[in-house]
Amino acid sequence: MLAGRALDVAPVLLNKVLVVGERAGRIVEVEAYEGADDPASHAYGGRTERNATMFGPAGHLYVYLSYGVHHCANVVCGEEGTATAVLLRAVEPVKGVAQMRAARLAARRDRDLTNGPGKLCEALGIDRSHDGVDLCDPRSTVRLVDDGIPPPPSPVRTPRIGISVAVEHPWRFCVPGSPYLSRVSVRSR
DNA sequence: CTTTGGATCGTCT
DNA sequence: GACGATCCAAAGG
């Protein structure tokens, strides 16, 4: 299921559940990052110490530090040796909301707990120590679970957010109408 | 509601 | 030495 290109895997990840210890969230927004061909990808320009996990087997978690402040989490796709991954941009809290609240004092509304790539990592407690974990191994702290709710048949597609190159590709996928998205439409920057 | 600027540091050139 | 796959508070409409 995670073996293909990020572009194909991304929409399939919608409505899957990300479980971290006692906390869990339903994925409602993702972005596809292709590897060597994608100037916006961390893997563009080749393998480095930071992005090594992206070049590993599918189904593992790639976590990096953004702006020296926040962590962001990706699901690695593709064959070993290729670097294609899906950035998790927003989830709907489904379990452990009290813990998420404690971890995110800045959140005013429940939807502010996890409606952004850095926010969801802070709420769920994901950091660089989770880089490389196998999401399909039941023993892992971070897991990806299918609870039977299928992906939306017609996900909303928009350009990716926060990048300055390859902005023309509509590689952001959202669950239509979800109140837990990071943004409904793409704003300037 | 929208816009703007600052924080902060690991990573790569 | 420069730059982010970001977030938040503050200020203005």
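Model, not experiment: these values are computed from the prediction. In what follows, every heavy atom counts, from backbone to side chain, and hydrogens, waters and symmetry copies are set aside. Just so it is clear: chains get the letters A, B, ... in the order the sequence lines come, proteins before strands, and each one is counted from 1.
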What verdict does the ring-ring contact (aromatic ring centres under 6.0 Å, His included) test give for A/His42 and A/Tyr33, after you've listed the backbone C-alpha separation in whole Å, the side-chain angles of each residue and the deciding distance to 0.1 Å?
CA-CA 8 Å; A/His42 285 173; A/Tyr33 285 87; 7.5 Å; no
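- In the model, A/Thr84 has no side-chain atom that pairs as donor or acceptor with a side-chain atom of A/Arg5 under 3.5 Å.
- Distance CZ (A/Arg128) to P (C/dT6): 17 Å, rounded to an integer number of Å.
- The listed nucleotides are B/dT8, C/dA5, C/dC7; the one nearest the side chain of A/Ile163 is C/dA5.
- When the P atom of B/dC9 is taken as reference, atom CG of A/Asp127 falls 15 Å away, rounded to whole Å.
- Between A/Arg108 and the phosphate of C/dC8, there is no side-chain N or O to OP1/OP2 separation shorter than 4.0 Å.
- In this structure, A/Tyr33 counts as stacked on the base of C/dA5 under the 5.5 Å centre distance and 30° plane angle limits.
- Place A/Asp112 and A/Ser164 on DNA chain C by their nearest nucleotides, and A/Ser164 ends up nearer the 5' end.
- The two atoms that bring A/Phe55 and A/Gly46 nearest to each other are CZ-C, 3.7 Å, heavy atoms only.
- At whole-Å resolution of the value, CG in A/Asn115 and P in C/dA5 are 20 Å apart.
- In the set C/dC7, B/dG10, C/dA9, C/dA9 carries the atom at the smallest distance from any side-chain atom of A/Ala106.
- Between the CH2 atom of A/Trp171 and the CD1 atom of A/Ile163 there is a distance of 9.0 Å, given to the nearest 0.5 Å.
- For the residue pair A/Arg157 and A/Leu7, the shortest heavy atom distance occurs at NH2-CD1, 4.3 Å.
- The existence of a salt bridge linking A/Arg143 and A/Asp134 is excluded, since no basic side-chain nitrogen approaches an acidic carboxylate oxygen closer than 4.0 Å.
- If you measure from atom OH of A/Tyr64 to atom P of C/dC3, you get 18 Å, rounded to the nearest angstrom.
- Of the candidate nucleotides C/dG4, C/dA5, B/dC12, B/dC12 has the atom lying nearest to any side-chain atom of A/Thr48.
- Remark: P of C/dC7 and CG of A/Leu113 are 13 Å apart, rounded to the nearest angstrom.
- Residue contacts shown for A/Ala40 include a base, since a base heavy atom lies under 4.0 Å away.
- Distance, A/Tyr62 OH to C/dA5 P: 9 Å, rounded to whole Å.
- Closest to the side chain of A/Met54, out of C/dC8, C/dC7, C/dA5, is C/dA5.
- Between the A/Asn74 side chain and the A/Val76 main chain, no donor and acceptor come within less than 3.5 Å of each other.
- Note that CZ of A/Arg23 and CG of A/Leu113 are 11.0 Å apart. Values are rounded to the nearest 0.5 Å.
- Smallest separation of non-hydrogen atoms from A/Leu2 and A/Gly59: CD1-CA, 3.4 Å.
- Sorted by residue number, the list of members of residues 83-94 of chain A with any non-hydrogen atom under 4.0 Å from DNA chain B is empty.
- Taking the nucleotide of DNA chain B with the nearest heavy atom to each of A/Val69 and A/Asn51, the more 5' of the two is matched to A/Val69.
- Between B/dC1 and A/Arg183, no contact under 4.0 Å exists linking OP1 or OP2 to a side-chain N or O.
- In the set B/dT11, C/dT6, C/dA5, B/dT11 carries the atom at the smallest distance from any side-chain atom of A/Arg50.
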Could you write out DNA chain B as dot-bracket? Rules: Watson-Crick or G-U wobble, both distances under 3.5 Å, brackets [ ] for crossings, | for pairs with another strand, dot for unpaired.
|||||||.||||.
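- Atom-to-atom, NE2 of A/His42 to P of B/dG10 comes out at 15 Å; the value is rounded to the nearest Å.
- Other residues, nucleotides and ligands place more than 12 heavy atoms under 6.0 Å from the CD atom of A/Glu168.
- When rounded to the nearest whole Å, the span between CG of A/Leu105 and C1' of C/dC8 equals 13 Å.
- Residue A/His70 has no polar side-chain atom (N or O) positioned under 4.0 Å from OP1 or OP2 of C/dC7.
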